[in-house]
Structure formats: structure tokens, C-alpha cells
Participant: 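Quick one: structure below, then a few questions.
The figures that follow rest on heavy atoms only: side chains count, while hydrogens, waters and symmetry mates do not.
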Amino acid sequence: MSKNVQDEKPARSEEATAWLKQEALAQEARYKKIVKEIDGLQDKRDGWIAEFLQIIQTKGVNVSGDLRRIVTKDEIPEKPDRPDADRVIW
């Protein structure tokens with residue numbers, strides 16, 4: 001079997017390793033801040049979802065051009081009964 005260039009990985013310097021560790025910690029801190037901010041919006045998000053569902057059941061949605069169709073209550077799926085049902089994924 002032939003030896004390929006991508007099979008050999010050069011050694012990582014201590015400086016690069018330290019930088020990667022620092023970047024990972026900074027990214028984790030940013031991620032936690034985003035999660036806290038998004039979780040704080042949950043009540044507003046529930047309101048936005050309810051408003052959206054009300055609009056599509058009364059005004060409808062565009063099907064083609066100016067042709068609209070009302071979405072019936074039977075067509076709207078129920079929210080799953082679990083805490084992370086509408087969790088935003090990053």
C-alpha cells in the first residue's frame with residue numbers, strides 16, 4: 001500500500017496547542033452567553049409562535065402568487081411534551 005502525504009501529521013507546537021486551548025475556552029464562554037440570552041427569550045418566542053399560528057389559520061399562507069390557503073387546526077402539529085422541544089440549535 002502506498003504512503004500518502006495526508007497520512008503523516010506534523011507535530012503541533014506548544015504555542016499552537018496553547019492557542020487552541022485558549023480559543024476553545026473563549027468559544028465555550030461565548031456559547032454559554034448565547035444560550036443564556038436565547039433561553040431568556042422563551043416567553044417572547046412562545047408569543048411569536050402563537051401569533052404565527054393565528055396568522056396562518058386566519059389569513060393563510062401563499063401557495064402560488066397571490067393564491068392563499070388557510071391552514072386548518074388539524075394540520076398544525078402539537079408541541080412535543082419535553083423541555084427542549086423548541087430549543088434553538090447552534
Side-chain angles (χ1 to χ4, degrees):
M1 193 155 149
S2 65
K3 191 173 185 180
N4 295 320
V5 173
Q6 63 265 26
D7 292 338
E8 293 185 22
K9 185 168 79 172
R12 186 177 288 155
S13 69
E14 287 182 27
E15 181 183 358
T17 304
W19 180 83
L20 283 171
K21 192 172 191 176
Q22 181 182 6
E23 280 298 305
L25 290 172
Q27 286 183 19
E28 185 69 27
R30 286 192 300 269
Y31 173 78
K32 287 180 180 181
K33 186 176 177 182
I34 291 169
V35 168
K36 184 178 178 181
E37 187 175 330
I38 293 292
D39 287 347
L41 290 174
Q42 189 59 45
D43 292 337
K44 284 185 179 180
R45 290 180 68 226
D46 289 340
W48 296 334
I49 293 168
E51 182 182 353
F52 169 75
L53 294 176
Q54 190 268 332
I55 289 171
I56 66 172
Q57 291 178 49
T58 55
K59 294 182 180 180
V61 294
N62 285 359
V63 177
S64 175
D66 62 347
L67 181 64
R68 294 179 79 86
R69 183 180 85 77
I70 301 294
V71 177
T72 65
K73 193 167 186 112
D74 298 338
E75 293 178 285
I76 296 175
E78 290 184 22
K79 183 178 176 181
D81 187 25
R82 62 179 202 268
D84 64 342
D86 59 352
R87 178 137 174 102
V88 177
I89 306 296
W90 303 276

Participant: More than 12 heavy atoms of other residues, nucleotides or ligands under 6.0 Å from CD of Glu37: is that the case?
Facilitator: no
Participant: Between NZ of Lys59 and CG of Asn62, what distance do you get to the nearest 0.5 Å?
Facilitator: 11.5 Å
Participant: Under a 4.5 Å side-chain heavy-atom rule over Ile, Leu, Val, Met, Phe, Trp and Tyr, are Val63 and Ile70 clustered together?
Facilitator: no
Participant: What is the distance from atom CD of Glu75 to atom CD of Gln57, rounded to the nearest 0.5 Å?
Facilitator: 9.5 Å
Participant: Quick check for you: to the nearest 0.5 Å, what is the distance between Lys36 atom NZ and Leu41 atom CG?
Facilitator: 12.5 Å
Participant: Report the distance from atom CG of Asp46 to atom NZ of Lys79, rounding to the nearest 0.5 Å.
Facilitator: 4.5 Å
Participant: Got a sec: does the CZ of Arg82 have more than 12 other heavy atoms crowding it under 6.0 Å?
Facilitator: yes
Participant: If you round to the nearest 0.5 Å, how far is CD of Gln54 from CD1 of Ile49?
Facilitator: 14.5 Å
Participant: Look only at the side chain of Ser64 and the backbone of Leu67, and say whether a donor-acceptor pair between them is shorter than 3.5 Å.
Facilitator: no
Participant: What's the spacing between Gln27 CD and Ile34 CD1 if we round to 0.5 Å?
Facilitator: 10.0 Å
Participant: Hey, quick one: are Ile76 and Trp48 part of the same hydrophobic cluster, counting side-chain heavy atoms closer than 4.5 Å, chains of contacts allowed?
Facilitator: no
Participant: Which atom pair, heavy atoms only, marks the closest approach of Ala85 to Pro80?
Facilitator: CB-O, 3.5 Å
